[in-house]
Undergrad: 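First the structure, which I've put down as structure tokens, then a few questions once you've had a look.
FYI, side chains are in, hydrogens and waters are out, and symmetry mates aren't considered; it's all heavy atoms of this structure. Throughout, protein chains are lettered first and strands after them, A, B, ... in sequence-line order, and every chain is numbered starting at 1.
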2 protein chains.
Amino acid sequence: MGTPRPYADVIDRLRGAGLRPTRQRIALARLLFAGGDRHVTAEQLHGQAIERDVRVSLATVYNTLHQLTQAGLLREVVVEPGRSYFDTNIADHHHFYHEPTGELQDIPGEKVGVTTLPKPPKGQRIERVDIIVRTRDSLD
Amino acid sequence: MGTPRPYADVIDRLRGAGLRPTRQRIALARLLFAGGDRHVTAEQLHGQAIERDVRVSLATVYNTLHQLTQAGLLREVVVEPGRSYFDTNIADHHHFYHEPTGELQDIPGEKVGVTTLPKPPKGQRIERVDIIVRTRDSLD
DNA sequence: GTGATTGCAAATCTTTTGCACTAAA
DNA sequence: TTTAGTGCAAAAGATTTGCAATCAC
């Protein structure tokens with residue numbers, strides 16, 4: 001048996017992204033990629049880290065989130081001015097956005113059929129198609 | 001002939017929205033609704049007003065944009081964290097977003113076909129579907 | 001060791017707010 | 001008048017940055 005490496009999976013993921021597996025990055029990555037798909041703001045993630053006694057500064061959380069996004073391990077979702085969500089689901093998919101609570105919910109890519117789409121302006125290529133289905137409470 | 005009213009159209013539009021046609025609001029509405037469809041940030045609109053020697057504060061521009069949005073005369077488009085665009089096109093439509101320049105371009109609603117869409121979460125109704133097609137330069 | 005990473009606090013940027021002043025009705 | 005609207009400057013958030021201290025390799 002080889003020497004057991006703690007959090008080997010997370011560390012490999014960071015390494016794969018070209019990021020040094022520091023204490024902070026490992027902790028954040030564990031929080032992010034532990035459960036299923038998550039939608040978190042920097043503030044929320046920072047709060048959770050603090051809760052679990054992980055000493056990280058908010059600045060580092062922001063930096064790490066952006067680094068992971070750039071590496072393709074996270075996706076940034078913009079639904080509201082002045083607040084960014086980071087999505088651990090990087091598969092092709094879209095979102096329900098419940099405006100009253102600010103909650104995001106994934107819609108699997110295959111559940112949405114976009115038939116036609118015009119050609120992008122000259123000299124541009126499509127990078128990504130984001131669909132946000134904004135919802136409110138039925139009674140309103 | 002009745003007494004000619006300057007900017008009667010704009011004034012009526014504001015009145016119709018329940019907004020007093022003040023000097024500032026008239027000027028801003030004229031900038032917004034003059035040409036065809038426009039996508040502006042508060043900062044940009046403020047800049048244009050100043051350029052044309054209209055004395056308005058940025059705070060008033062923000063207030064007015066939100067009032068017009070609430071009245072249904074404008075639509076807010078969120079594509080980037082920390083910056084809101086206001087769209088004078090209130091018809092059903094979507095957007096190309098050219099990431100390098102931050103430019104928005106309308107896609108008429110009928111040019112995009114969304115076939116299937118899952119039911120929203122229990123107790124919620126769909127308010128609006130926003131589709132943002134993010135583009136980059138072809139060569140990148 | 002040494003170069004990448006972190007923390008902290010300050011800086012930045014967008015947007016909102018409080019309040020005395022001004023203007024529309 | 002009387003009440004809504006405005007400007008200004010200050011406040012509030014979210015995010016970024018500069019730089020000395022710290023850590024991974």
Undergrad: For chain A and DNA chain D, what are the first and last nucleotides along the strand, 5' to 3', with at least one atom under 4.0 angstrom from a heavy atom of the protein chain?
TA: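 Taking any atom under 4.0 Å from a heavy atom of chain A, the span is D:dA14 to D:dC25.
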
Undergrad: Provide the closest heavy-atom pair for A:Leu28 versus A:Ala49 in the form atom of the first, atom of the second, distance.
TA: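 Looking at all heavy atoms of both residues, the closest pair is CD2-CB, 4.2 Å.
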
Undergrad: Counting C-beta onward and ignoring hydrogens, is there a side-chain heavy-atom pair between A:Leu65 and A:Leu32 closer than 4.5 Å?
TA: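 Yes - at least one pair of side-chain heavy atoms lies under 4.5 Å apart.
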
Undergrad: For the residue pair A:Arg75 and A:Phe86, would you count it as a cation-pi contact if the rule is NZ or CZ under 6.0 angstrom from the ring centre and within 45 degrees of the ring axis?
TA: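 So A:Arg75 doesn't make the cation-pi contact.
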
Undergrad: Going by an N to O cut-off under 4.0 Å, is there a salt bridge joining A:Asp87 and A:Arg38?
TA: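 A:Arg38 and A:Asp87: not salt-bridged.
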
Undergrad: Taking the basic N atoms (NZ, or NE/NH1/NH2) and the acidic carboxylate oxygens, is any pair closer than 4.0 Å for B:Asp130 and B:Arg128?
TA: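 Answer for the salt bridge query: yes.
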
Undergrad: As a test of understanding, state which of A:Gln105, A:Glu80, A:Glu103 forms a side chain to side chain donor-acceptor pair (under 3.5 Å) with A:Tyr97.
TA: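 Only one option passes, and that is A:Glu80.
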
Undergrad: Is there a side-chain contact between A:Ser57 and the phosphate of C:dT6, meaning an N or O under 4.0 Å from OP1 or OP2?
TA: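 For C:dT6, OP1/OP2 do not have a side-chain N/O of A:Ser57 under 4.0 Å.
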
Undergrad: With sequence neighbours excluded, what pairs up with B:His98 under the side chain to side chain donor-acceptor pair (under 3.5 Å) test?
TA: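 Residues passing side chain to side chain donor-acceptor pair (under 3.5 Å) with B:His98: B:Thr101, B:Asp137.
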
Undergrad: Where along nucleotides 13-25 of chain C does protein come under 4.0 Å, by heavy atom, of base (B) or sugar-phosphate alone (S), with - for untouched nucleotides?
TA: -SBBB------BS

Undergrad: Looking at A:Leu31, is its backbone amide N or carbonyl O close enough to the side chain of A:Arg52 to form a donor-acceptor pair, meaning the two atoms are under 3.5 Å apart?
TA: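 Side chain of A:Arg52 to backbone of A:Leu31, a donor-acceptor pair under 3.5 Å: no, none is there.
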
